[in-house]
Amino acid sequence: MQYYSTNKSVPKVSLKEAVTKGLADDKGLFMPERINPLPASFFEKINQLSFQEIAFEVAKAFFGEDIPEADLKELVFDTLQFDCPVVPVQDNIYSLELFHGPTLAFKDVGGRFMARLLSYFLKGNSEHVNVLVATSGDTGSAVANGFLGVEGIHVYVLYPKGLVSEIQEKQFTTLGQNITAIEIAGTFDDCQRLVKTAFLDEELKSNLTLTSANSINVARFLPQAFYYFNAYARLKEKGLQDELVIAVPSGNFGNLTAGLFAQKMGLPVKRFIAANNENDIVYKYLQTGKYEPRASVATIANAMDVGDPSNFARILDLYDHSHEVISSVMKGFRYSDDEIREVLFNVFTEKQYLLDPHGACAYKALATDLAEGEVGVFLETAHPAKFTETVESIIGKGNVALPEKLAEFMKGEKLSVPMDKEFETFKKFLLQEAK
Ligand SMILES: *Cc1c(COP(=O)(O)O)cnc(C)c1O
């Protein structure tokens, strides 16, 4: 299968090239030239399949032309050594818990899959690849842990100084080996700009092989479709799969866009809900038809603090830039920090379910929008313990147990390279450090 750029001014490339390049030369995002629908027979028996088996069927639709079936199966099963269960929260509302992976956030799925796919493509040749990743918190940890110790690959994690939680920071600054953390004196948008600029820099491109592990990379982005099918399957087990509405807490919109791909593959989703924090650029677009990116502001749902969501280009492309169509497949909601706090507190005290600040946005949007007879699933994108300080400031100290996996990270020592936000500084560093 070939991949085209959303800007459509460069030739199509192979999967391997799309994965190793990250971003197309015309700054567009790669899109598969076809989205293969899954057969009716798959949806009929989907409730009898495990998450891993479902993911393998979905992976074949994306990557089956490029990777032999046995290799792909190993890739998928090795990536998904954890489940994404559907947990009831209240009448007709379910949490799709995406935080049972190694770094306790949904980005483990794409991060691990991409690491394995890239290493599959590099097997047996001497190429050295440098993975650049900008993070507002969770991407860095998922990608760094996914790639840790993978031969022939070095990962550079760029993160905004002082704007990620201590636990998040520990998860990518304590690893060492082939992982370098760079602490940028700036915002997440500065980090993302540095990474994007690096891919377009001729001197860097001629000296180094660079790729991105942000959700602009198809290898990270596409596997996020897997768990939407799992949500459907687990609801079908209960006979609740009809009239399905799915709410997604959104920042860069990779996660939600993967859901739109799932729908295009035949997954019966009645409507998507895009939940934003105060960084409400897409919310405004859905209301007005105008897309007006602006500087991000810091919120307590920091992994959604994005002022110019990169995957929006994919959404526009999927629906031929039609605001009418886009606003009919998804509905937008936005919440202030105070509203997020209130929801998190209320759901904890009234339903005994502990949300994280991101999942709280999606829960609230779903609870607000769900109509009689519909069944709602919200994506719980991270374990609340990843945001212990924030969550305990809402529900009281000592109420968030630290999972074993996180406790391990907290023992490590932080190692990072402090850097200003000038591209020239970053470029010089890469030219000196990277292979
Ligand atoms: C990354 C992230 C999001 C936003 O996902 P996008 O794909 O960027 O829209 C939401 N919640 C958490 C916990 C995240 O880490």
Side-chain angles (χ1 to χ4, degrees), residues 1-3 13-20 22 29-85 96 98 100-102 106-123 142-143 146-147 150 211 213 215-234 236 254-269 311 314 318 379:
M1 170 120 49
Q2 293 210 298
Y3 288 78
V13 300
S14 66
L15 172 63
K16 179 182 172 181
E17 211 177 321
V19 174
T20 42
L29 276 70
F30 287 116
M31 293 283 276
E33 61 183 343
R34 269 173 289 111
I35 299 177
N36 293 324
L38 289 160
S41 57
F42 167 71
F43 291 104
E44 274 156 31
K45 62 167 188 9
I46 193 168
N47 50 314
Q48 298 163 21
L49 303 178
S50 70
F51 172 43
Q52 291 76 7
E53 289 164 339
I54 291 168
F56 176 46
E57 294 304 316
V58 178
K60 275 194 280 189
F62 289 135
F63 309 118
E65 293 167 33
D66 300 285
I67 303 168
E69 198 163 312
D71 292 332
L72 187 56
K73 186 166 187 180
E74 196 182 314
L75 251 152
V76 170
F77 277 70
D78 190 42
T79 298
L80 302 175
Q81 295 179 21
F82 47 88
D83 269 328
C84 297
L96 177 63
L98 302 177
H100 296 280
F106 80 91
K107 293 187 177 84
D108 280 326
V109 174
R112 286 166 65 87
F113 188 86
M114 181 183 165
R116 279 151 188 77
L117 187 63
L118 199 51
S119 123
Y120 172 81
F121 282 139
L122 293 177
K123 210 168 6 188
V143 169
F147 280 89
V150 176
T211 191
S215 54
I216 54 175
N217 196 304
V218 287
R220 244 206 75 205
F221 161 71
L222 290 172
Q224 297 175 350
F226 297 163
Y227 39 72
Y228 287 90
F229 291 88
N230 192 54
Y232 178 82
R234 305 293 72 95
K236 190 171 156 85
N255 210 3
L256 192 138
T257 309
L260 300 174
F261 271 62
Q263 190 184 39
K264 290 232 167 200
M265 295 166 88
L267 187 71
V269 180
N311 285 286
R314 286 194 166 112
L318 269 183
L379 273 50

Is the shortest side-chain heavy-atom distance between [X] and [Y] below 4.5 Å?
{"X": "Phe147", "Y": "Val143", "answer": "yes"}
{"X": "Lys264", "Y": "Leu318", "answer": "yes"}
{"X": "Phe30", "Y": "Asn217", "answer": "no"}
{"X": "Pro32", "Y": "Met1", "answer": "yes"}
{"X": "Gln2", "Y": "Val13", "answer": "no"}
{"X": "Ile46", "Y": "Tyr232", "answer": "yes"}

To the nearest 0.5 angstrom, please state how far the [atom1] atom of [X] sits from the [atom2] atom of [Y].
{"X": "Met31", "Y": "Thr257", "atom1": "CE", "atom2": "OG1", "answer": "8.5 Å"}
{"X": "Leu38", "Y": "Leu267", "atom1": "CG", "atom2": "CG", "answer": "9.0 Å"}
{"X": "Leu80", "Y": "Gln52", "atom1": "CG", "atom2": "CD", "answer": "6.0 Å"}
{"X": "Asn255", "Y": "Phe221", "atom1": "CG", "atom2": "CZ", "answer": "9.5 Å"}

Please indicate whether Glu17 has more than 12 foreign heavy atoms, meaning atoms of other residues, nucleotides or ligands, lying under 6.0 Å from its CD.
-> yes
Taking [Y]'s backbone N and O only, do any of them form a donor-acceptor pair with [X]'s side chain (distance below 3.5 Å, no angle check)?
{"X": "Arg112", "Y": "Thr79", "result": "yes"}
{"X": "Arg314", "Y": "Ala258", "result": "no"}
{"X": "Asp83", "Y": "Pro85", "result": "no"}
{"X": "Asn311", "Y": "Ile216", "result": "no"}
{"X": "Lys60", "Y": "Glu65", "result": "no"}
{"X": "Asn47", "Y": "Arg234", "result": "no"}
{"X": "Arg220", "Y": "Ala213", "result": "yes"}

Given the rule in the side-chain contact (heavy atoms from CB on, under 4.5 Å) test, do Thr211 and Met114 qualify, once you have shown the distances and angles that lead to the verdict?
-> CA-CA 11 Å; Thr211 191; Met114 181 183 165; 4.2 Å; yes
Can the ring centroids of Phe63 and Phe113 be said to lie less than 6.0 angstrom from one another?
-> yes
What do you reckon, are the aromatic ring centroids of Tyr228 and Phe261 less than 6.0 Å apart?
-> no
Do any side-chain atoms of residues 71-78 form donor-acceptor pairs under 3.5 angstrom with protein atoms, and if so which ones, sequence neighbours left out?
unit_1, atom_1, unit_2, atom_2, d
Asp71, OD2, Tyr120, OH, 3.3
Asp78, OD1, Gln81, NE2, 2.9
Asp78, OD2, Arg116, NE, 2.7

Which heavy atom in Val218 sits nearest to a heavy atom in Ala18, and how many Å separate them?
-> CG2-CB, 4.0 Å
Taking all atoms of both residues into account, what is the closest heavy-atom pair of Asp108 and Gly101, and its distance?
-> OD2-C, 3.2 Å
Audit row: Phe43, Lys236, side-chain contact (heavy atoms from CB on, under 4.5 Å) steps and yes/no | CA-CA 10 Å; Phe43 291 104; Lys236 190 171 156 85; over 6 Å; no
Would you sort out whether Leu49 and Phe42 count as a side-chain contact (heavy atoms from CB on, under 4.5 Å), showing the intermediate values?
-> CA-CA 9 Å; Leu49 303 178; Phe42 167 71; 3.9 Å; yes
Output, in order, the C-alpha distance, side-chain angles, deciding distance and verdict of side-chain contact (heavy atoms from CB on, under 4.5 Å) for Tyr227 and Leu379.
-> CA-CA 10 Å; Tyr227 39 72; Leu379 273 50; 4.2 Å; yes
